[in-house]
Amino acid sequence: MKIATWNVNSIRARQERLLAWLDRARPDVLCLQELKVVDEAFPAEELLEAGYHCAVHGQKTYNGVAILSRKKPSDIRRGIDDEGDDPQARLISARIADIIVISAYVPNGQEVGSEKYAYKLDWLERLTGHLRKNFSPEDRVLLCGDFNVALDDKDVARPADWSDSVLCDETTRAAVGRIADWGLVDVFREFHPDGGQYSWWDYRMLGFQKNNGLRIDHIFASRPMAQLCSEAEIDRQERKGKKPSDHAPVVAVFDD
DNA sequence: ATGGTTGCTTAGCAA
């Protein structure tokens, strides 16, 4: 099974590239983030024509997540499963065959110490609670998405430039570390221990041209799934050309 | 300290 995660930064702005990429990469499952549309405006018909079912949790203007799959998904759930009343659409999960797939868009946090930063940390704790409440580390779970954090400085092209950024913040790294400690493996890291590969480049300051990137998009697999992982790559090509997203897709392959 | 760009929405916010 080939699964990918991609922050498309608006599904409407990226629709053509998305369809072209699906045709080229042919993943079985694709987790999307930053749809920036309400459910009704999501191009579900076009994607169904392309061979993909869609589980969508949309929102006007901001956020929005989805899971596309060749097989029909079941048990679709939207939002974090707790008492929190979160107006931001940042999580959706579905069962595809016998695998739990979660598409997550972790808050950016803007600036360390800000209100949005506090929301980011709180959201990550809630995500940990969501996993503990609903799953066991022995289940077949794939948690994919834009985590808005590079877990190690070797995943940052110019660490000195980003040392004060929310994308490299140690408290955030520790919060994601606790999610991993529950029983999840960063599968890209397993295949690329040296770093130096990135999934996001700022539109500003010629970020991509200068390769001033960070690896902030991740595929986390529970151990039973991680054992089956045979490949993990970042499709850097997709960041090139006309009207790219600022993120490239991250792709992993699991034995059946 | 701020800038630069993109997208949604239409001047300003979020990233």
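Quick note: numbers below take in every heavy atom, side chains included, and nothing from hydrogens, waters or symmetry partners. Chain naming here is simple, since letters A, B, ... match the order of the sequence lines and numbering starts at 1 in each. Owing to the predicted nature of the structure, the values given are computational and were not obtained by experimental measurement.
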Taking transitive links into account, so neighbours of neighbours count too, which hydrophobic residues share a cluster with [X] at under 4.5 Å side-chain distance?
X: A:V38; value: none
X: A:F220; value: A:I80, A:L91, A:I100, A:I102, A:V106, A:Y119, A:W123, A:L124, A:L127, A:L131, A:F135, A:V141, A:L143, A:F147, A:V149, A:L151, A:V176, A:I179, A:W182, A:L184
X: A:V166; value: A:V112, A:Y117, A:L121, A:V156, A:W162, A:L167, A:W200, A:L214, A:I216

Please work out if A:F208 contacts a base, only the sugar-phosphate, or nothing of the nucleic acid, heavy-atom cut-off 4.0 Å.
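No contact.
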Can you give each donor-acceptor pair under 3.5 Å made by side-chain atoms of residues 39-50 of chain A, sequence neighbours left out, with the distance rounded to 0.1 Å?
{"unit_1": "A:D39", "atom_1": "OD1", "unit_2": "A:G58", "atom_2": "N", "d": "2.6"}

Figure out the [atom1]/[atom2] separation between [X] and [N], and round it to whole Å.
X: A:L214; N: B:dA15; atom1: CG; atom2: P; result: 16 Å
X: A:E115; N: B:dA14; atom1: CD; atom2: C1'; result: 15 Å
X: A:E111; N: B:dA14; atom1: CD; atom2: C1'; result: 14 Å
X: A:Y117; N: B:dA14; atom1: OH; atom2: C1'; result: 19 Å
X: A:F147; N: B:dA15; atom1: CZ; atom2: P; result: 16 Å
X: A:Y119; N: B:dA14; atom1: OH; atom2: C1'; result: 13 Å

Report yes or no: do A:N9 and A:S245 form a side-chain donor-acceptor pair below 3.5 Å?
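No pair is found: no donor N or O on one side chain lies under 3.5 Å from an acceptor on the other.
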Please report the distance separating the [atom1] of [N] from the corresponding atom of [M], rounded so that it comes out in whole Å.
N: B:dA15; M: B:dG3; atom1: C1'; answer: 15 Å
N: B:dT5; M: B:dA1; atom1: P; answer: 23 Å
N: B:dT10; M: B:dT6; atom1: C1'; answer: 15 Å
N: B:dT9; M: B:dA14; atom1: C1'; answer: 12 Å

I'd like to check the salt bridge (charged side-chain N to carboxylate O under 4.0 Å, His left out) partners of A:R70; sequence neighbours left out, ordered by chain and number.
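Checked A:R70 against salt bridge (charged side-chain N to carboxylate O under 4.0 Å, His left out); zero matches.
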Let me check something: do A:L22 and A:L35 share a hydrophobic cluster, defined by ILVMFWY side-chain heavy atoms less than 4.5 Å apart, either directly or through other members?
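Cluster IDs for A:L22 and A:L35 match.
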Treating primed atoms plus P, OP1 and OP2 as sugar-phosphate and everything else as base, which nucleotides of nucleotides 3-10 of chain B get B, S or - for protein heavy atoms under 4.0 Å?
BBBSSSS-
